[in-house]
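Any value given below was found using the heavy atoms of this structure, including those in side chains, with hydrogens, waters and symmetry copies removed. Within every chain, numbering begins at 1; the chains are lettered A, B, ... in the order of the sequence lines, protein sequences first and strands thereafter. What you see is a predicted model; the values in this text were computed from it and never measured.
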2 protein chains.
Amino acid sequence: MVVKRSLTPAAVVDVALGIVDEHGPDGLTLAAVAHACGVATPSLYKHVASLGELKTLVGARVLEDMTDRIATTVLGTSGDEAVTGLMRAYRAYGATHPKRYAALPMDPLHDPIQEAAGAKLVGVMYATLRGYGLEGSAAVHATRRLRVLVHGFASIESEGGFGLPEDLDDTYDQLIQMYLATLRSES
Amino acid sequence: MVVKRSLTPAAVVDVALGIVDEHGPDGLTLAAVAHACGVATPSLYKHVASLGELKTLVGARVLEDMTDRIATTVLGTSGDEAVTGLMRAYRAYGATHPKRYAALPMDPLHDPIQEAAGAKLVGVMYATLRGYGLEGSAAVHATRRLRVLVHGFASIESEGGFGLPEDLDDTYDQLIQMYLATLRSES
DNA sequence: CCCAGAGGCTAATGTCATTAGCCAAGGGCG
DNA sequence: CGCCCTTGGCTAATGACATTAGCCTCTGGG
């Protein structure tokens, strides 16, 4: 069969991810990827349909990666501990890979390539809220609130949007407590 | 003196804003702006230093515009009413101009051109929280929490990231109540 | 041994940003 | 009144990219 004698689509995405980490999503260019792979630019089209598709694939990869990291952190915990762990893990991912965070698709369910990864992250959040006895739409709203909090903070932090010297850990702790309080009053 | 017989930097930004509204920040191109102005592309350099500067100017413009809208809404109110009004006005701006929202700089204080507008928005938020008796860093954290909430929601909503049919107004109301509760417990 | 397809390559096209250098018009000033 | 300079527009040229077409060369299976 096909021997992976060289490049594969996954390998191309690996390289692209490195470029995103270094230069941000807008710095992701087929020319740069090709150069990093040691091939001519048009050769990439043997593995990837277009720059747009590559960006979509990178977005999916980041989503999967982050979801795995978060899921692992939350594993084996429940209740407030799990929620706290999830929120901290989410923030940690954004803070550790700021450029990459900007490549995250906010609407993964609109693209078949990213759909699975998006559903999985939402699933992890949803599962983390299990135990608070949320029914139907209450669970949906609670999940949305959680998403808003973690994404809002990670988005601003990863773009260097917090200017003042006050400790960001304190702000984040307050956000966690704020969220946990709504869960308590709901369940 | 100089008669504004034709294009001015501000007029170029106006046109650019229209293009951003229609095609998003990545669709903003000097060629498109020039065409819309009825002028050759290089002529724009007589009014704007580069595409990058134009994007910065557009970001500042959006920030100013949104801040004005919000400040007007909040004017004459205080306390929970003011906070609620601010949060709703913020969301309304993002929902009304989704493409434009993506052009908002998250780190306006890092750029001299956008600094004033950024400081003004933070100032409006800060002032809105006056009356809750927040001192020093407590006010900073409260402002950050507010920013996280409104930006997180507007960011996701403007990119079509909320997929389920549950009412977004309900989710947003919960976020508002959640935030007001933290203010109450702090003051 | 032969062949097909996988995976690379070069050449060519079109879109953009950006720079250089040219040119007309209009207002201020001698 | 007429000259000069600044303003603002233009064309030409360059260089980065994405994308397409068409060619060439292994390599592994029959």
key: Audit row: A:Lys55, A:Asp26, salt bridge (Lys or Arg N to Asp or Glu O under 4.0 Å) steps and yes/no   = CA-CA 10 Å; A:Lys55 285 182 170 171; A:Asp26 289 346; 5.2 Å; no
task = Answer with yes or no whether the side chains of A:Tyr90 and A:Arg69 bring together a donor and an acceptor at under 3.5 Å.
result = no
ask   = Whole-Å distance between C:dC16 P and B:Ile19 CD1?
value = 11 Å
query = Under 4.0 Å: is that the gap between some side-chain N or O of A:His47 and OP1 or OP2 of C:dA6?
reply = no
remark   = Atom CG of A:Leu51 and atom C1' of C:dT15 are separated, to the nearest Å, by 14 Å
Any residue of residues 25-44 of chain B with a heavy atom less than 4.0 Å from an atom of DNA chain D = B:Val39, B:Ala40, B:Pro42, B:Ser43
message = We want to know whether A:Asp80 and A:Tyr132 form a side-chain donor-acceptor pair, criterion being a heavy-atom distance below 3.5 angstrom.
response = yes
key: Residue B:Lys46, side-chain atoms from C-beta onward, closest of D:dG9, C:dT19, D:dA18   = D:dG9
task = Please confirm whether B:Tyr101 and B:Tyr93 have ring centers closer than 6.0 angstrom.
result = no
query = Judged by atom type as modelled, is there a donor-acceptor pair below 3.5 Å linking the side chain of A:Arg144 to the main-chain atoms of B:Glu166?
reply = yes
request  = Say whether A:Thr171 and B:Arg145, considering side chains only, have a donor N or O and an acceptor N or O under 3.5 Å apart.
outcome  = no
task = To the nearest Å, give me how far apart OH (B:Tyr45) and P (C:dC16) are.
result = 13 Å
